[in-house]
Amino acid sequence: MKIASWNINGIRARNASLEAWILRNQPDILLLQEVKAHEEDIPPAISDLDAYRKFWNGSTVRKGYSGTGILLRDSCKVDDVVWEVPDFDIENRTGVLHTTHFTLIGTYVPRGESDEHYRIKLDYLESLRRYICSLLDSGRQVILAGDMNIAHRDIDVHRSQNKPGAVGLRPEERAAIDAQIASGLQDIMRSMHPDAADLFTWWPYWKPARERNLGWRIDCFYLSSELAAKVTVASVDLEEKSSDHAPVILELSLQDTH
């Protein structure tokens, strides 16, 4: 099973690139962040895309802001799919698919630039942690994926970007990721590439940040232990440059999953 996550930074602006990427890569599940569109404004090329079911938490709180979605391939062997926008969701940032094999949580964590929004970010992360703990306690396997807007460790941000006190690098934010991991999730990209110091998924717009790979690793997959053991590939699609974020891709072998 191939699962991808991508902050598309505006589905209408990236319409053609997104369609082409999906057709080229054929993911079984695709999580999207920063859709920046109400469900009714999703371009037909995506909303009517053959072979996929679509689940949207569109931009209803503020026009053209935030918004998330999940595309599930029709041939994907999961039954009894349940879509949920959890109670703690804010600003259309969260979507959950409960499937046969696991619960998949797509998230677009607040950036937290202002003091008020930073507090909202920390509260959201704690609510997300408690939600995941409740799923794990009930025996569910969990995948958390999306734009975390946090570089967890110094290795996850280029030294030119590693500025003390910058949003996305603060101790409280990194502690929130520590708490997710302590709850029973594994940062699978880092686990599979433990020493990669240039493994970034987002780059500032100023030139030549992307060309020189002066980036951050903020787009992540966190998996519970049983699923983490089934991962065969965890990669960043560095060739896709239509958004300021690169897609991240996970491949799972689920033959032995009950």
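In this structure, Trp203 has its ring center no closer than 6.0 Å to that of Trp216.
Looking at every heavy atom in both residues, Phe200 comes nearest to His158 through CZ-N, 3.5 Å. In plain terms, the two heavy atoms of Ile46 and Ile42 that are nearest each other are CB-CG2, 4.0 Å. Residues Gln33 and Gly146 share a closest heavy-atom pair of NE2-CA, 3.6 Å. Listed here is the closest heavy atom pair of Tyr118 and Glu172: OH-OE1, 2.8 Å.
Residues Leu185 and Leu223 fail the side-chain proximity criterion, which asks for heavy atoms closer than 4.5 Å. Annotation: side chain of Ile143 is in contact with side chain of Leu227 (closest heavy-atom distance under 4.5 Å). With contacts defined as side-chain heavy-atom distances shorter than 4.5 Å, the pair Val82/Leu97 does not qualify.
The closest side-chain donor-acceptor pair between Glu91 and Ser66, if any, does not fall under 3.5 angstrom.
Salt bridge absent: Asp41 and Lys36 never bring a charged side-chain N and a carboxylate O closer than 4.0 Å. Taking the charged nitrogens against the carboxylate oxygens, Glu226 and Lys230 have no contact shorter than 4.0 Å, which rules out a salt bridge. Salt-bridge formation is detected for the pair Arg190/Asp156: a Lys NZ or Arg NE/NH1/NH2 atom is positioned less than 4.0 Å from an Asp or Glu carboxylate oxygen. Under a 4.0 Å N-O distance rule, the pair Glu240/Arg24 qualifies as a salt bridge. Taking the charged nitrogens against the carboxylate oxygens, Arg119 and Glu116 have no contact shorter than 4.0 Å, which rules out a salt bridge.
Arg93 forms no cation-pi arrangement with Phe88, by the criterion of a distance under 6.0 Å to the ring centre and an angle within 45° of the ring axis.
Screening residues 103-112 for side-chain hydrogen bond (donor to acceptor under 3.5 Å, both in side chains), with sequence neighbours left out, gives Glu34-Tyr108, His98-Thr103, Thr103-Arg140, Thr107-Tyr124, Arg111-Glu113.
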Side chain to side chain donor-acceptor pair (under 3.5 Å) evaluation trace for Asn149 with Trp202: CA-CA 10 Å; Asn149 261 320; Trp202 174 81; over 6 Å; no
